[in-house]
2 protein chains.
Amino acid sequence: MFRFVKGSIVDDKSDDQGDALVPRCRAVRADAQRNTHALLDAALAVFATSGVDAPVREIAVKAGVGVGTLYRHFPQRADLVAAVFRHEVDACADAAPVLAAEHGPSEALALWMQRYADFIATKRGLASALHSGNPAFDSLPAYFQKRLVPALRTLLDAAAVAGEARADVDAYELLTAVANLCMQVDGGCPAPAHRMVALLVDGLRYGARASSDGSID
Amino acid sequence: MFRFVKGSIVDDKSDDQGDALVPRCRAVRADAQRNTHALLDAALAVFATSGVDAPVREIAVKAGVGVGTLYRHFPQRADLVAAVFRHEVDACADAAPVLAAEHGPSEALALWMQRYADFIATKRGLASALHSGNPAFDSLPAYFQKRLVPALRTLLDAAAVAGEARADVDAYELLTAVANLCMQVDGGCPAPAHRMVALLVDGLRYGARASSDGSID
DNA sequence: TAATTATGCGGAACAATGTTCCGTTTTGTC
DNA sequence: GACAAAACGGAACATTGTTCCGCATAATTA
């Protein structure tokens with residue numbers, strides 16, 4: 001999902017014994033790629049506005065395609081939801097190296113944590129979906145962990161090496177803690193969650209000082 | 001909801017100046033009471049079997065009434081869900097004094113905690129509903145707390161007075177902890193949750209001994 | 001370039017489900 | 001027993017997920 005194959009996987013036209021056998025699979029059509037992309041973009045926007053329970057028709061309209069097209073690319077509603085979720089997890093994970101390149105270690109860590117907090121804050125309703133038992137969501141928690149834990153781990157390690165954060169924090173635990181922290185936020189006010197996350201990050205920084213003093217609590 | 005008024009609230013026929021004014025409100029009809037009861041019973045059974053997302057028609061059929069009747073008593077689906085939830089909270093809270101009368105303090109406490117754990121374990125899907133933003137569910141958390149905290153508080157106090165449990169545990173915290181504990185349980189296997197709850201209760205008992213030794217951690 | 005064909009598209013139609021409406025039935029009262 | 005208010009039943013409506021299939025179009029081939 002979401003990493004488009006530009007052509008068919010077969011090499012151009014050699015390697016095939018014979019000339020008029022099966023034509024192999026054709027390349028994915030350009031309009032199909034365009035529509036998949038448009039649907040993901042539209043779904044992202046609609047889910048953000050109306051929540052993950054928004055009607056598929058609304059998404060199809062926003063993407064400028066028919067419902068048939070939507071269902072051709074995402075056989076079930078849940079598949080579209082899962083694809084958007086994956087997309088957002090990817091975006092969040094990919095932000096880590098960018099921030100690391102543009103800022104100092106602890107600054108990059110702090111910025112990424114806020115980025116992650118924003119991501120979680122927009123996921124209300126999706127938590128319910130994850131526990132709905134729909135098999136389309138089965139792989140999402142693992143994907144979440146697989147992409148985000150290494151991203152955070154890298155930032156944490158860099159900050160620890162630079163002496164700007166304590167080194168004894170588990171990335172997964174931190175992700176979980178922040179998720180729980182931000183999940184409780186009601187309404188569209190992310191300020192309290194931001195403050196709590198900032199406190200956590202300051203705690204990481206404080207830990208670096210404390211351990212350099214030799215006093216780890 | 002669920003505490004039926006046997007007659008109209010007005011006193012029989014005096015206290016009214018005049019004879020042919022407004023006939024006041026009539027008593028609630030017998031069939032209406034019967035149907036409300038039947039609907040709650042049916043909903044309880046159906047929700048337990050098919051989850052809280054079961055179709056209203058299924059409930060109406062099981063109760064032996066038409067959907068119109070269902071909607072007369074519960075204007076929205078969510079109202080029926082909320083009513084059943086209240087009913088179950090009441091049943092759980094009411095079990096406390098019964099258990100207290102039939103068993104020793106710490107035994108009653110242990111039994112009630114398991115009773116509460118069972119209640120929570122059947123509530124998967126309802127947690128999602130509570131966070132759905134539907135105003136029909138707004139009052140449920142408060143009701144939950146109002147009924148169950150005193151019930152547990154009484155059992156805890158009795159056990160503490162008898163020297164069978166530690167006295168420094170907050171009832172609300174304990175309820176929340178057990179809820180989180182049992183909410184994670186997958187599938188229909190309540191055994192792990194039972195074990196965890198038992199461990200918690202044993203911890204309460206251990207605390208009694210520890211504090212009698214004067215060593216509270 | 002023109003013909004061919006697999007691929008993809010659109011949206012009407014279907015199915016499931018929450019909700020409303022209204023003619024009919026039942027109940028309580030006089 | 002007659003009457004009116006209350007309640008009932010279920011058909012009908014609205015919304016939404018999903019399927020189906022005739023038609024359009026992009027890639028391939030001659």
Side-chain angles (χ1 to χ4, degrees), chain A residues 4-8 10 12-13 16 18-39 43 46-47 50-82 129 132 134 136, chain B residues 4-8 10 12-13 16 19-39 42-43 46 50-81 129 132 134 136:
Chain A
F4 303 117
V5 182
K6 284 299 156 47
S8 68
V10 307
D12 279 331
K13 46 194 54 140
D16 207 349
D19 40 21
L21 286 181
V22 284
R24 292 296 192 121
C25 354
R26 280 189 181 180
V28 177
R29 273 169 51 166
D31 54 348
Q33 290 184 36
R34 221 170 26 235
N35 283 333
T36 305
H37 219 124
L39 279 166
V46 171
F47 288 161
S50 314
V52 286
D53 291 329
V56 288
R57 280 168 179 76
E58 188 178 339
I59 298 166
V61 168
K62 181 143 198 150
V65 304
V67 279
T69 302
L70 189 154
Y71 273 88
R72 161 162 287 269
H73 292 289
F74 305 98
Q76 297 203 37
R77 220 196 98 81
D79 295 323
L80 179 56
V81 176
S132 68
N134 189 320
Chain B
F4 303 114
V5 183
K6 283 300 156 46
S8 69
V10 307
D12 277 333
K13 48 196 53 147
D16 206 351
D19 40 20
L21 285 181
V22 282
R24 290 297 190 119
C25 353
R26 280 189 180 179
V28 177
R29 271 169 51 167
D31 54 348
Q33 291 183 34
R34 219 170 27 235
N35 284 333
T36 305
H37 219 124
L39 279 167
V46 171
S50 314
V52 286
D53 290 329
V56 287
R57 280 168 179 75
E58 188 179 339
I59 298 166
V61 168
K62 182 144 197 148
V65 304
V67 279
T69 301
L70 189 155
Y71 274 87
R72 162 164 288 268
H73 292 288
F74 305 98
Q76 298 203 37
R77 222 196 95 82
D79 295 323
L80 178 56
V81 175
S132 68
N134 189 319

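Every chain is numbered from 1 and lettered A, B, ... according to where its sequence line falls, protein lines coming before strand lines. Because the structure is a prediction, the values reported are computed rather than measured.
Contacts of B:A63 classified as side-chain contact (heavy atoms from CB on, under 4.5 Å), with partners at least two apart in sequence or in another chain: B:A38, B:L39, B:A42, B:V65. Contacts of A:V46 classified as side-chain contact (heavy atoms from CB on, under 4.5 Å), with partners at least two apart in sequence or in another chain: A:S50, A:A54, A:E58, A:I59, A:K62. The side-chain contact (heavy atoms from CB on, under 4.5 Å) search around A:V56 returns A:L70, A:Y71, A:R77, not counting sequence neighbours. When the salt bridge (Lys or Arg N to Asp or Glu O under 4.0 Å) test is applied to A:D31, the partners found at least two apart in sequence or on another chain are A:R29.
Here the P atom of nucleotide C:dT17 and the CD atom of B:Q76 are 18 Å apart, to the nearest Å. Rounded to a whole Å, the CZ atom of B:F74 is 15 Å from the P atom of C:dG18. Spacing between atom CZ of A:R72 and atom C1' of C:dG11 amounts to 14 Å, rounded to whole angstrom units. The separation between A:R77 atom CZ and D:dT15 atom C1' is 13 Å, rounded to whole Å. When rounded to the nearest whole Å, the span between CG of A:D79 and C1' of D:dG17 equals 13 Å.
Taking the side chain of B:H73 as heavy atoms from C-beta on, and the options D:dC8, D:dG17, C:dC9, the nearest nucleotide is D:dC8.
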Please list, pair by pair, any protein nitrogen or oxygen found under 3.5 Å from a nitrogen or oxygen in nucleotides 24-26 of chain D.
unit_1 : atom_1 : unit_2 : atom_2 : d
D:dT25 : O2     : A:R29  : NH1    : 3.0

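Using a 4.0 Å heavy-atom criterion, one finds that A:A78 contacts no nucleic acid atom at all.
At a non-hydrogen distance threshold of 4.0 Å, A:Y71 from residues 60-71 of chain A come into contact with DNA chain D.
A donor-acceptor contact under 3.5 Å links the side chain of A:R57 to the base of D:dT18.
For D:dC8, one of the phosphate oxygens OP1 or OP2 lies less than 4.0 angstrom from a side-chain nitrogen or oxygen of B:N35.
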